[in-house]
Amino acid sequence: MTSNEDLLAKLAEWEAGLPSPPTLLDALQSGDVELFAAFLLRGFRQAAKEAVGDRLEVEEYKLVGSKQGRPGVAGRIADGLARVWTLNDANLLQLLGLADPGEIMRLREDLPEALHHEVLERLAMLLDILQALRTLLPRADAADTWIKRPHEAPLLGGRTPLNLMLDEGLAGIRAVRAHLWAQVWSV
């Protein structure tokens, strides 16, 4: 099975040999299913990054009241989440899937489209968690401390949601998000 990154590399190689950027129809007419899939994958990733970037701008305004424009919006959102949930730098880095503290500076400087798609996915899901908590627990102090309190829900089994997300990474974030949104939709 070919990885997504291998597909995108194959697409880049094919495009390098063309006189002009190909269209979706060109990829389809190539007869190569992998090229077509890579073309769609790249388009989907770009659209997702733009959509997340737009959402981050809206959420940034709601979370930190800033209208500074797009560069660094992801960093400002990350800083806002760290402030609201009283996360230390190590926890914030781990939640975002970052290894180097210097990568936070990149979040503060770059456009969302320049960031790795997994970091944006994590930020979007963490914002979903914050939104679900504020829907379920209208008192800000209860909503903002929920992730650090142990819970007996089957998903958590006495652990804190923060520990689940830190221990299991992206899968843990997805699980906490799904758990909360299931409760939002059942209300």
Side-chain angles (χ1 to χ4, degrees), residues 1-57 59 70-78 81-82 87 89-132 147 155-156 159 161-182:
M1 183 172 181
T2 308
S3 75
N4 288 345
E5 301 316 313
D6 290 340
L7 287 174
L8 293 172
K10 181 176 180 176
L11 177 63
E13 185 179 314
W14 175 67
E15 288 177 321
L18 298 176
S20 61
T23 65
L24 180 62
L25 184 58
D26 295 329
L28 183 60
Q29 288 176 339
S30 74
D32 188 328
V33 174
E34 288 185 342
L35 284 178
F36 183 68
F39 197 91
L40 292 176
L41 174 65
R42 184 179 63 192
F44 174 76
R45 280 189 178 176
Q46 184 59 36
K49 281 185 175 188
E50 289 172 12
V52 169
D54 292 343
R55 176 165 180 228
L56 290 179
E57 284 187 51
E59 294 297 334
R70 294 190 76 189
V73 66
R76 291 189 298 273
I77 290 289
L81 289 170
L87 301 173
D89 290 344
N91 288 161
L92 181 60
L93 284 170
Q94 196 170 348
L95 282 176
L96 296 177
L98 302 173
D100 178 12
E103 291 179 273
I104 291 289
M105 291 307 298
R106 182 166 180 214
L107 289 177
R108 292 181 179 128
E109 296 167 358
D110 285 346
L111 294 171
E113 293 84 5
L115 302 172
H116 192 274
H117 67 277
E118 186 176 307
V119 173
L120 292 174
E121 180 182 4
R122 286 170 180 255
L123 268 175
M125 285 192 286
L126 291 169
L127 284 170
D128 284 347
I129 290 168
L130 180 67
Q131 183 180 6
I147 69 160
L155 169 70
L156 298 165
R159 295 191 317 176
L162 179 60
N163 285 342
L164 175 67
M165 293 187 294
L166 293 173
D167 292 345
E168 297 186 19
L170 191 54
I173 294 170
R174 285 182 179 139
V176 169
R177 177 180 173 255
H179 170 76
L180 289 170
W181 279 102

Please give me the minimum heavy-atom distance between [X] and [Y], naming the atom from each residue.
X	Y	value
A78	L96	CB-CD1, 3.8 Å
A175	L155	O-CD2, 3.6 Å
P101	A99	CD-O, 4.0 Å
L7	A38	O-CB, 3.3 Å
S30	W14	CB-CZ2, 4.2 Å
L93	D100	CD2-O, 3.7 Å

State the [atom1]-[atom2] distance between [X] and [Y], to the nearest 0.5 angstrom.
X	Y	atom1	atom2	value
W181	Q131	CH2	CD	4.0 Å
R177	L130	CZ	CG	13.0 Å
R122	L127	CZ	CG	14.0 Å
E34	K10	CD	NZ	4.0 Å
D6	L11	CG	CG	12.5 Å

Using a 3.5 Å cut-off and no angle test, enumerate the donor-acceptor pairs between side-chain atoms of residues 163-171 and protein atoms at least two apart in sequence or in another chain.
from, atom 1, to, atom 2, distance (Å)
N163, ND2, T160, OG1, 3.3
D167, OD2, R159, NH1, 3.3
E168, OE2, R159, NH2, 3.4

Is there a side-chain contact between I147 and V176 (heavy atoms, below 4.5 Å)?
->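 They are not in contact (no side-chain heavy atoms under 4.5 Å apart), so the answer is no.
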How about D128 and L180: do any of their side-chain heavy atoms sit closer than 4.5 Å?
->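 The answer is no; the side chains never approach within 4.5 Å.
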For side chain to side chain contact (heavy atoms under 4.5 Å, CB included), just list the numbers for L162 and L95, CA-CA rounded to whole Å, side-chain angles, deciding distance to a tenth of an Å, and then say yes or no.
-> CA-CA 9 Å; L162 179 60; L95 282 176; 4.0 Å; yes
Is the count of non-hydrogen atoms from other residues, nucleotides or ligands lying under 6.0 Å from D89 atom CG greater than 12?
-> no
